[in-house]
Amino acid sequence: MRFVDEFRDAEKAQALSGQIAALCEPGRHYSFMEVCGGHTHTIYKHGLEDYLPESVSLVHGPGCPVCVIPMGRLDDAIYIAEQPDVIMTSFGDMMRVPGGKGSFFDSKAKGADIRMVYSPLDSLKIARDNPDKKVVFMAIGFETTAPSTAMTVLRAAADGLENFSIFCNHVTIIPAIKAILDSPDMRLDGFLGPGHVSTVIGCKPYEFIARDHNKPLVCAGFEPLDILASIYQLMIQLRDGRCEVENQYTRVVPWDGNLKALQVINEVMELRPYFEWRGLGFISHSALKVRPEYAKFDAEEIFKIPGIRVADPKACQCGEVLKGVIKPWECKVFGTACTPETPIGTCMVSPEGACAAYYNFGRFTRERVKEATRA
Amino acid sequence: MCLGIPGEVIELLDRQDLAKVNVSGVRRAINIGLLENENVQPGDWILIHVGFALSKIDEDEAAAALAFLEGVGQAYTDELDALAESNIE
């Protein structure tokens, strides 16, 4: 066995690995989805699949917010950025994501004023400093970043700012999990629940997964041992015939979430009837928009966005990767036409995308898999 | 953007929703408004997402989170660089 990267407590990891193996029923295969891109990153970085018995496999989920933005939405954002007197602001993660007609970086090179910010509050400062410009914040992310955007809108409202708005692309994790559970080509035995999203929403929203779909879910931390311990908890539940929501990441995740964060999201935003996800298609009630009461901070109201729809490139199989139907290296363009330097699909852009994580850290394992397949 | 970064609260600022926080040696203003019921004080560790503290954590968890982030490499460096440019008021 060869590990991509040694980590501290490797002995504890070996012990957990043995305990997980001991729980495997002969002839049974176990598939667990890790919903969060941060988990995907840890799994590849530390070669955790090498610690698991062959009958346990991990499937990568849709929990990378950069990866699930459809190309047309990015084209809409670039349309806004290229309007007169607009300063578009965005997290660095979004800058290289390709839309149908290039990325934010490409648009910036052609003269659009697009600036990277660390926080939506930095966008607010840019708006204050540039009263003659219209400053737009490209709001993306799951429930981890939505409260920050909402707090920023509340601050803009309290300060009476007239030249700040958000292009709201916030998505919610539960409908995506539900879409995957309803997908006919998916057979899963349980879930590793996301860490930071759960800090906001808590553990209760996952209860339908146990109750209605008979699958266990364990909210997991981001260290290698957290992930192995969470897989162990899932295996124990399956052995005992239980399906429950458990919280392995109690150090950070409160069972009830962050009530203040939920309250500010609800104050500023409401659910859209439906929203398109890259690879998953339209999912009802899966994204947030600005409430009419805050319309003057809603870029979709201020600018007549064209509502562009772009089909994903034919060669790109991000959709299948996001649903966990194929592994990154099974995509036809993985590592050849599509690399982190010249990404075709979103999964190769974000460092938390399954393809980028695999490309950066998964080489040893991939070669191992290839050799195994050849043999 | 998705990375939760631990920081130690240095001092509370005049605006009651802001605190000066030390994040890997970078001192910046961070919004603590989402923890308004948690009585954040200097010396507390918090987990920060895009300029906002989302949860209070203990020092052990902060150390564990930092170890994870250092393993992440470039994405963490990029996030710290972005934070260093940040100017929250």
Side-chain angles (χ1 to χ4, degrees), chain A residues 5 7-8 36-38 41-42 45-46 63-66 90-94 116-122 124-126 128-129 140-142 144-145 147-149 151-152 154-155 195-197 199-200 221-226 249 251-254 258-261 264 350-352 356 360-361, chain B residues 1-6 15-18 21 23 26 28-38 40 45-89:
Chain A
D5 188 11
F7 55 90
R8 64 203 182 99
C36 169
H41 190 99
T42 301
K45 165 88 177 162
H46 296 287
C64 163
V66 173
S90 166
F91 296 135
D93 312 48
M94 277 309 293
M116 269 191 267
V117 290
Y118 167 68
S119 166
L121 289 173
D122 289 317
L124 210 58
K125 176 158 170 57
I126 292 172
R128 264 188 228 113
D129 294 347
I140 63 159
F142 286 94
T144 332
T145 51
S148 306
T149 304
M151 289 282 275
T152 304
L154 289 173
R155 178 76 190 276
H196 293 144
V197 162
T199 310
V200 173
F222 291 95
E223 289 191 84
L225 283 183
D226 287 327
Y249 199 29
R251 311 186 311 268
V252 173
V253 173
N258 183 327
L259 296 178
K260 169 78 182 175
V264 296
S350 164
E352 298 189 355
N360 289 328
F361 300 117
Chain B
M1 179 258 299
C2 277
L3 299 177
I5 306 183
R15 275 192 63 95
Q16 60 171 11
D17 58 351
L18 291 184
V21 178
V23 184
V26 181
R28 283 292 174 273
I30 295 296
N31 188 297
I32 54 170
L34 293 169
L35 299 181
E36 67 178 14
N37 302 321
E38 308 247 348
V40 173
W45 286 85
I46 52 177
L47 202 56
I48 303 159
H49 286 264
V50 300
F52 288 79
L54 264 194
S55 45
K56 224 158 105 167
I57 53 178
D58 65 25
E59 202 171 341
D60 288 345
E61 176 56 24
L66 270 181
F68 165 76
L69 289 167
E70 275 152 20
V72 166
Q74 192 59 42
Y76 178 48
T77 315
D78 291 347
E79 190 83 356
L80 279 184
D81 288 348
L83 175 68
E85 296 287 319
S86 169
N87 195 359
I88 292 172
E89 295 177 340

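Note on naming: letters A, B, ... go to the chains in the order of the sequence lines (proteins, then strands), and numbering restarts at 1 for each one. The analysis underlying the following values was restricted to heavy atoms, covering all of them including side chains, and did not include hydrogens, waters or symmetry mates.
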Rounded distance (nearest 0.5 Å) linking atom CG of L35(B) with atom NZ of K260(A): 10.5 Å

V200(A) versus chain B, the contacting section by heavy-atom distance below 4.5 Å: side chain

Proximity breakdown for E38(B) and chain A, heavy-atom pairs closer than 4.5 Å: neither

L83(B), part contacting chain A, at a heavy-atom distance under 4.5 Å: both

Toward chain B, the part of T199(A) with a non-hydrogen atom under 4.5 Å: side chain

CZ-CG distance between R251(A) and D60(B), expressed to the nearest 0.5 angstrom: 9.5 Å

Aromatic ring pairing H196(A)/H49(B), orientation class (parallel under 30°, perpendicular over 60°, tilted between): perpendicular

Pairwise side-chain contact, R28(B) with V23(B), heavy-atom cut-off 4.5 Å (strictly under): no

Contacting region of V252(A) [heavy-atom separation from chain B under 4.5 Å]: both

Euclidean distance, T77(B) OG1 relative to L69(B) CG, rounded to 0.5 Å: 10.0 Å

Passing option when T152(A) is tested against V264(A), D122(A), L121(A) for side chain to side chain contact (heavy atoms under 4.5 Å, CB included): L121(A)

Under 4.5 Å from any heavy atom of chain A - which part of N87(B): both

Under 4.5 Å from a heavy atom of chain A, the part of E36(B) involved: side chain

Contact origin within F91(A) toward chain B - heavy atom pairs under 4.5 Å: side chain

